[in-house]
Each structure stands twice: as C-alpha cells, then as structure tokens.
Participant: 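Have a look at this one before I ask anything.
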Amino acid sequence: QVHLVESGGGLVQAGGSLRLSCAASGRTFSRDVMAWFRQAPGKEREFVAYMSGSGVSRIYEDSVKGRFTISRDNAKNSVYLQMNNLKPEDTAVYYCAARGGVWTSTLATNYDYWGQGTQVTVSS
C-alpha cells in the first residue's frame, strides 16, 4: 500500500522559514514526478512546485518563486519543500503528491498519490 506522509508544518511569523518533508513508502518513486500543492480555507487546491524524477525539471508557482525550493532524495524516497520569507498568504494545508511516469503536470487531478497534508500557518 502506498503512503505519503508529510511533516514539518507549523506556526511561523512572517519572514520566517519552514522545511516540509514527505516520506513515501509502498513503491519506488525515484522515476515519478513529485509535487507540493496547498489548499487554503475556502479555496481550491493549488499547485506550488514539482520536480521530475531526474531532478532536471523544477517548476514553481509564480508567487513562491525565489522563496521556495523543492528537492528530493531518491535514496530515501523523500521530497522536501524549503520555504523561506514566508508570508501570511502562504497559510494553507500543504500536500505532497506523486505522479507515476515522466510526464510533468501542475494539475492536481493528474497526480496519483497524496499525503494527508500538513498545516502551515504564517502570522503577520
């Protein structure tokens, strides 16, 4: 059974940093696209960043460019999201997701596996 488990969320002041982790189990994700999405209260789930299995392709949502960095450790079947200079509008539940195969996507509907989410709250 496939599991994605996020950790690292919490409460931080504006301008602060957090590092989210996602540990995957149940299959090998080294060739899969790994991504982070987020969902704020009353809003739809939105794309944050993805990284291809090879690591060559990394794409970010415009509002997080220059502040967030996605990385992965295929040996540990894990993906990370380093978030710097956090803003109150970054407050959301952050989800890790995996898409089988090499084709990348920013659409949540194209991802096959999801974690349960971790709350990130940024105070002003």
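Numbers for residues simply follow the sequence, beginning at 1. For clarity, every value in this text was computed on a predicted model and none was experimentally measured.
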Participant: Less than 6.0 angstrom from the centroid, inside 45 degrees of the normal: does Arg27 satisfy that with respect to the ring of Phe29?
Facilitator: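 Flagged: Arg27 positioned over aromatic ring of Phe29.
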Participant: To the nearest 0.5 Å, how far apart are OG in Ser30 and CG in Asp73?
Facilitator: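 Ser30 OG to Asp73 CG: 11.0 Å, rounded to 0.5 Å.
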Participant: List the atom of Ser124, the atom of Pro88, and the distance in Å for their closest heavy-atom pair.
Facilitator: CB-CG, 3.8 Å
Participant: Tell me the closest heavy-atom pair linking Val12 and Leu18, and the distance in Å.
Facilitator: CG1-CD1, 4.0 Å
Participant: Give a yes or no answer on whether the side chain of Ser105 reaches the backbone of Leu107 with a donor-acceptor pair at less than 3.5 Å.
Facilitator: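 Indeed, once roles are kept as given, a pair shorter than 3.5 Å links the two residues.
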Participant: Determine whether Val33 and Leu4 fall in the same hydrophobic cluster, where Ile, Leu, Val, Met, Phe, Trp and Tyr are linked whenever their side-chain heavy atoms lie under 4.5 Å apart.
Facilitator: no
Participant: Considering all heavy atoms of both residues, which atom of Asn74 and which atom of Arg72 are nearest to each other, and what is their separation?
Facilitator: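 Reported closest heavy-atom pair: OD1-NE, 2.8 Å.
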Participant: Could you grab the distance from atom CD of Gln82 to atom CG of Leu20, nearest 0.5 Å is fine?
Facilitator: 8.5 Å
Participant: Between atom CZ of Arg19 and atom OG1 of Thr69, what is the distance when rounded to the nearest 0.5 Å?
Facilitator: 10.5 Å
Participant: Which pair of non-hydrogen atoms, one from Cys96 and one from Met34, has the smallest distance, and what is that distance?
Facilitator: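 Closest heavy-atom pair between Cys96 and Met34: SG-CE, 4.0 Å.
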Participant: In chain order, what residues pass the salt bridge (charged side-chain N to carboxylate O under 4.0 Å, His left out) check against Glu46, with sequence neighbours excluded?
Facilitator: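 Glu46 satisfies salt bridge (charged side-chain N to carboxylate O under 4.0 Å, His left out) with Arg38 only.
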Participant: Using a strict 4.0 Å threshold on nitrogen-to-oxygen distance, state whether Lys87 and Asp90 make a salt bridge.
Facilitator: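 Salt bridge between Lys87 and Asp90, a charged N being under 4.0 Å from a carboxylate O: no.
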Participant: Pick out which of Tyr94, Tyr50, Phe47, Tyr95 makes a ring-ring contact (aromatic ring centres under 6.0 Å, His included) with Phe37.
Facilitator: Phe47
Participant: Are Val64 and Tyr80 grouped together when hydrophobic residues (ILVMFWY) are joined by side-chain heavy atoms under 4.5 angstrom apart?
Facilitator: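 No, because Val64 and Tyr80 fall into different hydrophobic clusters, even though each may have its own neighbours under 4.5 Å.
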Participant: If you group Ile, Leu, Val, Met, Phe, Trp and Tyr by side-chain heavy-atom gaps below 4.5 Å, do Val93 and Val79 land in one group?
Facilitator: no
Participant: Are side-chain heavy atoms of Glu89 and Ser63 found at a separation under 4.5 Å?
Facilitator: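 With C-beta onward as the side chain, the pair stays apart.
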Participant: Evaluate the side-chain proximity of Thr91 to Gln119: yes if any heavy-atom separation is below 4.5 Å, no if none is.
Facilitator: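 Yes. Closest side-chain heavy atoms under 4.5 Å.
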Participant: Given side chains that start at C-beta, do those of Ile59 and Ser57 come closer than 4.5 Å, heavy atoms only?
Facilitator: yes
Participant: Within this structure, what is the OH-OG1 distance for the pair Tyr111 and Thr106, rounded to the nearest 0.5 Å?
Facilitator: 7.5 Å
Participant: Quick check: do Val2 and Asp112 have side-chain heavy atoms less than 4.5 Å from each other?
Facilitator: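 Of all side-chain heavy-atom pairs linking Asp112 with Val2, none is under 4.5 Å.
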Participant: Between atom OG of Ser25 and atom OH of Tyr113, what is the distance when rounded to the nearest 0.5 Å?
Facilitator: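 Spacing of OG (Ser25) from OH (Tyr113) equals 11.5 Å.
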Participant: For residues Met83 and Trp36, determine if any side-chain heavy atom of one lies less than 4.5 Å from a side-chain heavy atom of the other.
Facilitator: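 Side chain of Met83 against side chain of Trp36, heavy atoms only: no contact under 4.5 Å found.
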Participant: How far apart are the closest heavy atoms of Ser17 and Asn84, and which atoms are they?
Facilitator: OG-OD1, 2.9 Å
Participant: Quick check against the 3.5 Å criterion: does Glu6 have a side-chain atom that pairs as donor or acceptor with the backbone of Thr118?
Facilitator: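 Here the side-chain-to-backbone pair does not exist.
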Participant: I'd like to check Arg67 versus Tyr60 (side-chain heavy atoms, cut-off strictly below 4.5 Å). Are they in contact?
Facilitator: no
Participant: Taking all heavy atoms of Gln116 and all of Val5, pick out the closest pair and write down the distance.
Facilitator: OE1-CA, 3.8 Å
